[in-house]
Every structure is written in structure tokens, then in C-alpha cells.
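What's counted below: heavy atoms across the whole structure, side chains too, no hydrogens, waters or symmetry copies. All of these numbers come straight from a predicted model, not from anything done at the bench. Below, chains carry the letters A, B, ... as their sequence lines are ordered, and counting in each starts from 1.
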Number of protein chains: 2
Amino acid sequence: MSGATAMELPLDQILRGECVEVMRMLPSGSVDCIFADPPYNLQLRGELRRPDDTVVDGVDDDWDKFSDLAAYDRFTRDWLSEARRLLRKDGTIWVIGSYHNIFRIGAILQDLGFWILNDIVWRKSNPMPNFRGRRFTNAHETMIWAARGQDSRYRFNYQAMKALNDDVQMRSDWYLPLCTGGERLRNGHGLKLHPTQKPESLLHRVLVSSTAADDVVLDPFAGTGTTAAMAKRLRRRFIGIERHPDYAEAAIGRVRRETPLPHDAVATTPMKREAPRVPFGSLVERNFIAPGSIVCDKSRRLFATVSPDGTLICGAKRGSIHKLGAMLTNAPSCNGWTFWHVDRDGELVPLDALRAESQAQESTENVAAAQPEGQEMTDISDLPNERSAIAG
Amino acid sequence: MSGATAMELPLDQILRGECVEVMRMLPSGSVDCIFADPPYNLQLRGELRRPDDTVVDGVDDDWDKFSDLAAYDRFTRDWLSEARRLLRKDGTIWVIGSYHNIFRIGAILQDLGFWILNDIVWRKSNPMPNFRGRRFTNAHETMIWAARGQDSRYRFNYQAMKALNDDVQMRSDWYLPLCTGGERLRNGHGLKLHPTQKPESLLHRVLVSSTAADDVVLDPFAGTGTTAAMAKRLRRRFIGIERHPDYAEAAIGRVRRETPLPHDAVATTPMKREAPRVPFGSLVERNFIAPGSIVCDKSRRLFATVSPDGTLICGAKRGSIHKLGAMLTNAPSCNGWTFWHVDRDGELVPLDALRAESQAQESTENVAAAQPEGQEMTDISDLPNERSAIAG
DNA sequence: AGGCGAATTGAATCGACTG
DNA sequence: CCAGTCGATTCAATTCGCC
């Protein structure tokens, strides 16, 4: 997914500066995925900052409350607009927040033309209790996952997510612990360096689900660099933006200490969509299934004959494995690979299994001929050594 | 909480009409709690088929159609403004939605001056899968719980919620099944009467958490009357508004068939009490054993009444199934699961058997909500606001 | 009656590619 | 942009039907 303009990007760096200002310097359509953990200043009286870093007066009359919300909305619209400009057409964005800010973010995402794909609930295994017994324990945060637009052909590594979840579809509620222990960055006094450092497991799932190796991942509020560190570990490229010098410095050191996983370790379960296409005719051609063979459906009620050109014949009807299956069942469509079977020693084997066998044989035949499809082996063990410069 | 104006209200009725128009006729500040399940503004592009080629019966009703986001926002602002006028100063509102609409609703709630107390995630035990493998399984819906304003002294039945949840604070993520089976209203052809009927267990928890007996509960989108029916069962007063004649008629019949629980059965746990050590409350909530049910010991000499929060009542004594068993037998301890029985067709069945039946229905995953070690509920009432719960 | 397997169903923004 | 074709894709809970 990463392409020409990528070389103009300050890749694999933590940039110090205001996120909107820094984003304005980056080229449009250059980023595959964005993960953002913006400040949620609502309800924190006196601490709300405008985009220009001035503090909003915290008074509790209605007018001022409105100005708080409006200021936060302006801030949100500013950085989300830039984010959308930087995102490739088929890229996706993740934004995490709590009930204080996530509703405003979600509404503005929609207003700007983003197309929400899921809202994901991070259920915390160890949340902080509600000390005063006045509310439910606030035990989750919400992430919004959205495509740049309604017609984006976004990436979702369905099989990888399914494999990660005991071979059932990954749900929209994720149960993960808070960032604690050795993972939590601390200052000289043993105090946590950042108040809301996100757990690596969360970013792991985010990146594995919606990015590919070598994709460019942007984090406009990089904090202590969890996104960047996980991107490096998973062999994605990253750009982090962080305003606070202490956080930026900590993030740079953290990323430097991170080692990319071996190439084969970051290859996730492939999606069938990405496998090279094998037409049924080639199976006939290569005699995995002989012309004149009889195929049938699972219940042995429908039968058809394989013709030499890879079509099936049933009485007067003739068509591709898909088309004939659809015709005979009066369905609008049909996957002939799984619909039709051959009888092998009394047992029905789907055509899909024959295809897999043919592909396995082909790959062993071609083992000497190198490159897999579309994965040019430019030396990417070269995460350009840590020039994680401080800009801005 | 209910007071003088309540008598002017059309109490315990389902009113047929447009929700905003009907609400305009009701007096200000007359309602203790609102539960609203507004249209979600789904934007479905075509029919959806399962992998087996059957068609999903989705929501295609006119009431869910809006021309654009702005129209949905206007609609939302209109009914929420009226809702706020009707709400008492210390009242609270619940609104349920999905990612299609909940962000707009949350933002408008805040704009209108409501004060969000929690966002609650309803995790569905049996959601519809994602058939095309293009997204995460959409396995939850979101409820926003908000007070009329920042300074409301709202009701939260903390101890009742804790009792209902294994003597641990109730979290913001609730694991409950969809409305199916006998609870689901059907038309003459056995088809679901309403596409989005909510489960009674959801309303049970909502009403027990945030209302008291005799409180006035308003549902502006009453549908098939789940809110009204549960309000009647729990001896709250209700006003339902429903525009569709078929739904309104069904709701009226449903409420008529509903019987209020005995007075002592709806009195939830007072503050500061001994809590049960087992999640007996979840059996009550899911109606495996109804509040007001009588349980007895094996020899039918001791009897007790089940209350909605999962405690037992015997005369002036009240406690968990274990504690009350111990009290009544003067024993130091007692396993309430095997001590107490329900009479099922003349045969005594131990609560343990009911628990086994319920567990057969519920995933074990739900148990994960336990209090972490070392995070005791000491009375640290001096932590600022509720924002303490956002670390992570 | 009971047990087992098949069938049904649920608030869903649910293709990709070629010509 | 449209039409045609290829072909990837489902989980939990309940209810029905058969033996």
C-alpha cells in the first residue's frame, strides 16, 4: 500500500511539535493508517487548551460551558481534517476516547466524511473502581475505526483476527489489561511518566487487524510512543508527533530499544482473497480432474459432467462451476469451489480441496523461482536506523 | 422522587402519537427517569445474505429513514430538548444506540446541558455475525446514562447494583442475551412483531439501578412496551409514547398482561448491607427466578422471598441466599445454593440446579469482571470527580 | 418422553475485478 | 460508470422435527 510519496515522508521518526502544524507539512494521501489518542479535556476545569495552547477559562456558567465544548470541537475538527488529508483513499483511522470526548469525535468524523466501520470497546480487565459509589465502574474505553470514505476499499485482516480469537470472528468488544508493570514507562522517581499510556496489546491488535507490513502508520498524539514501538516491532513504518518534550524523548528512546520481529513472524494468516487465482479450467488442463468426470453437490442430488474447457454440463445447461451451481439451485450466486464435489473412494471432496492440492504442488515445483507476488524484497531489514530526529 | 405534578400526568398508559408532539403536552419537571430507544438511522445499501444464501431480515422500516445527518440531528435535538424539559432536576435519562447514531446523540446531549454519568456497553451474548468477513462482529450496543445537568443529585442504587454483580461494583459493560424465545412478541404468522425489541433483562437493570418504586418512567419510543412492562413489574409508574398503531396496541396488551411484583419484592437493598457472595442476582435479572418468588429449605419449614437485587427476605430479616440461610438456622455458615429450593410442579429444585441451567446459556467469559487484588473499595471519597477512572 | 441433529435467526451502514 | 463474472463468507441460542 505504501508507494511513491513515502520517500518524502519523515519515516520512522518521532516529530516534536503541535500535531496540526506538523501534519500540515506532510504530503496528502501518504499514510495508510492513523491511530490517535487525543486529549479529552472535557470536564477538567481550567485545563482545557485551545489549539493555540492558550488555556480556556473554566467557569461553570452555561455560556462558558458552551465555549468549552465549542473549543474542543474546533480542535477536533482541525486535527481530524488534516488527518483525513494525509490518509490514502483506502486508509483507515482509529481514534480512542472515553465518554467525555468520544461522542464529539464520532460526530465530527461523520461530518467530515469518514465512514465508521466499527466502534470497538476496550474492556479493561483491571479498571480503577468508582471510589464514591455514585456511578458504574468506568471499565472500558471506546475506539472508533473508520475508513476515509464510504467507498474506501479498506484493509481488514479478517483471517488474522479470526485466528487470534480461537477461530471465531473477532467481536467488537476486546478484553485487555491496562498498561502496567514493566511495560509502563516511569520517571526517575518510579512514577508513571504518562497518565494514559496505552497497552501494547491494544496496538498490536489494532495494527495486525488493519495494516500490512511496510504500511505507514501515523500517530498524531504519540505520547510515550506505544504506536511507534508496536509499528516497528511489527515491521510497519511509523510517524509519531508529540508536543511534550519529555514524552517525545521517552518515545524516541523506547522506539530505539525496540527490535523488529523476524519477517516471517509478522506475516499474518493470509486472506483467501489475496491468494493467486486458479481458474477451474487449469485444474482440468493439468489433469487434477479429468474431462468427463462427474461432480455433485454435497447431498448427491445434483450431478454434472466436467467438460474439457472447464465448464460443467448438466442436461441442457452448461456454465462455469459458479454459474451452473447458481442456475441449478435458483440462487443469485454460488461459490462453485465449495458447492461441487468429486467422489474419491466413496468420500466427497470439494473442488476447493483439489485446488489447494494443486497449489501445494505448484509451489513445490517453483521453489527455486523466488519472489512471492507483490512483495518486492527491497531490503527492509533496513528500518532506516534510528534517526528519530527531533523536529519542530 | 415523584411529587405533586405526577397526578396531572397520564400515568401507566401507552400514548399513541408522535413523541415530540405528545411530550409537548406534558408538564415540565414531571418525570424521574427516561429510557429512549430512538431510531438508529441505519443506512443499508442492499440486501444482505448469509453464506448459505438465506436473506437477513433487516431493519427497513420507514421510521428509520432520514434524508441525511442534519435531518437526524434536528430530529434528535427536538426530542431530547422536550425530554430535558420533562425531566425533574435530579432525574436521569438513558439513550441506547449503535455507532450509526450514538455519537450524534451523545454530542447533542452534551450540547443541551445534560451531564453524562456513564456510557454503558450492552455486550450481546448472541450477536449476528459479520457474514462477509469485512469488519469485526458488531457485538454490542451503547447506552448513555446522563443527568439533567451537572449539579443534579441523581439516583444511583449502588448497593443494589453491587448485590446484582457478585458483590463487586457493577461495571460499565453488561453481558446480556438478545430478546428471543417466548419473550419476543410475534404476529399471527410467527414473525417478529418489532425488529428491535429489547430484552427485559436490560430494562430490569436500568430501572433497578436508577429509579425507586413509584418513580415515573417515560419511554418516548415505546415500541412493544418493554420499558412499560418492566416498570409495571417493578412497581414504577410509566408513560409510553408510540407512533405506530400496531406497536402501541401490542404494548398495551403486553402491559395489561404484566403483574406487579409484591411490594416487598421490589424494595431493593438499602445502602450498607451485607452482600451475597455469589451472582445469584444474575439469575433474578434474567428471570430464571422471578423477584417475589418463594424459596424454601428442603424440609419446607423455612420460607423466603426473592428480591430484585438477588437478596432473600424472611420477615424482618434480609440477606444473601447464604447469609439468610445461616441466620435462620443459627448456623455459622450456609451454602445457599444447596440450602434453598424452588417448588417446580410440586418438586423441590435447589437453586444450584437453576444456576446450572443458566450457565448452560451463558458464556464463561462474563465472569471476568472481578475486582482486582489490592484495589479495595476503601472510602476514598475525596478523589476529584469521576475522572479518576480514566487512566490507562 | 427424551435425546439428538437440523433449521432458524438476530439494529448490518457486510465485494472485487475486468472489460 | 455499468454490466458481467468470479467467489469469499456465520455464531450463539433457541426451536423444530425425527426417532
Side-chain angles (χ1 to χ4, degrees), chain A residues 90 110 114-119 146-147 149-154 156 158-159 162 165-172 271-275 277-281 310 319-323 325-326 331-340 351-352 355, chain B residues 37-61 63-66 69 96-102 122 124-142 177-184 186 190-192 194-199 223 360-363 365:
Chain A
D90 295 335
Q110 291 177 310
F114 287 100
W115 191 247
I116 298 181
L117 301 169
N118 278 114
D119 58 335
Q150 181 168 4
D151 297 319
S152 297
R153 293 201 307 279
Y154 56 90
F156 176 56
Y158 174 76
Q159 295 294 347
K162 191 171 176 179
N165 193 42
D166 262 346
D167 279 331
V168 294
Q169 289 188 341
M170 186 71 79
R171 295 169 43 120
S172 54
M271 291 177 291
K272 286 196 177 177
R273 289 186 186 91
E274 292 180 348
R277 191 173 147 252
V278 177
F280 178 65
S320 71
I321 56 172
H322 314 294
K323 193 150 186 168
S333 68
C334 169
N335 183 348
W337 291 109
T338 52
F339 182 81
W340 295 107
L351 297 186
D352 213 28
R355 175 167 62 166
Chain B
D37 182 12
Y40 284 11
N41 192 26
L42 301 183
Q43 292 164 48
L44 307 176
R45 288 207 262 198
E47 72 174 11
L48 175 64
R49 286 171 177 267
R50 299 186 174 83
D52 65 5
D53 251 333
T54 57
V55 177
V56 173
D57 180 20
V59 176
D60 61 351
D61 305 65
W63 48 254
D64 199 44
K65 304 234 187 301
F66 294 84
L69 288 176
I96 186 168
S98 66
Y99 66 83
H100 311 85
N101 68 330
I102 198 65
W122 169 30
K124 303 176 184 181
S125 61
N126 48 348
M128 186 162 74
N130 184 293
F131 296 117
R132 308 305 288 265
R134 297 294 299 148
R135 304 182 178 193
F136 298 94
T137 305
N138 198 2
H140 75 275
E141 292 185 29
T142 301
L178 293 172
C179 176
T180 60
E183 189 183 316
R184 187 104 200 196
R186 296 177 190 283
L191 299 174
K192 59 186 177 191
H194 192 285
T196 69
Q197 185 181 338
K198 295 291 174 288
Q361 289 190 15
E362 189 165 0
S363 150
E365 190 188 358

Proximity to the side chain of [X] - top-ranked nucleotide from [options]:
X        : options               : answer
B:Leu42  : C:dA11, D:dG7, D:dT10 : C:dA11
B:Arg184 : D:dC6, C:dG10, D:dT9  : C:dG10
A:Ser320 : C:dA12, D:dA13, D:dC6 : D:dC6
B:Arg132 : C:dG10, D:dT10, D:dG7 : D:dG7

First of B:Arg186 and A:Pro332 reached from the 5' end of DNA chain D, by closest nucleotide
A:Pro332
Using the closest heavy atom to pick a nucleotide of DNA chain D for each, name whichever of A:Val168 or A:Arg355 lands nearer the 5' end.
A:Arg355
Sugar-phosphate, base or nothing in reach of [X], heavy atoms under 4.0 Å:
X        : answer
A:Gln169 : sugar-phosphate
B:Pro199 : nothing
B:Arg134 : sugar-phosphate
B:Asn138 : sugar-phosphate
B:Ser98  : nothing

Regarding B:Ser98 and B:His100, do their side chains bring together a donor and an acceptor under 3.5 Å, going by distance alone?
yes
With side chain to side chain donor-acceptor pair (under 3.5 Å) as the test, pick out the partner of B:Arg50 among B:Asp52, B:Asp53, B:Thr54.
B:Thr54
So what stems show up for DNA chain D if we need 3 or more Watson-Crick or G-U pairs in a row, all under 3.5 Å?
C:2-10 with D:11-19, C:15-19 with D:2-6
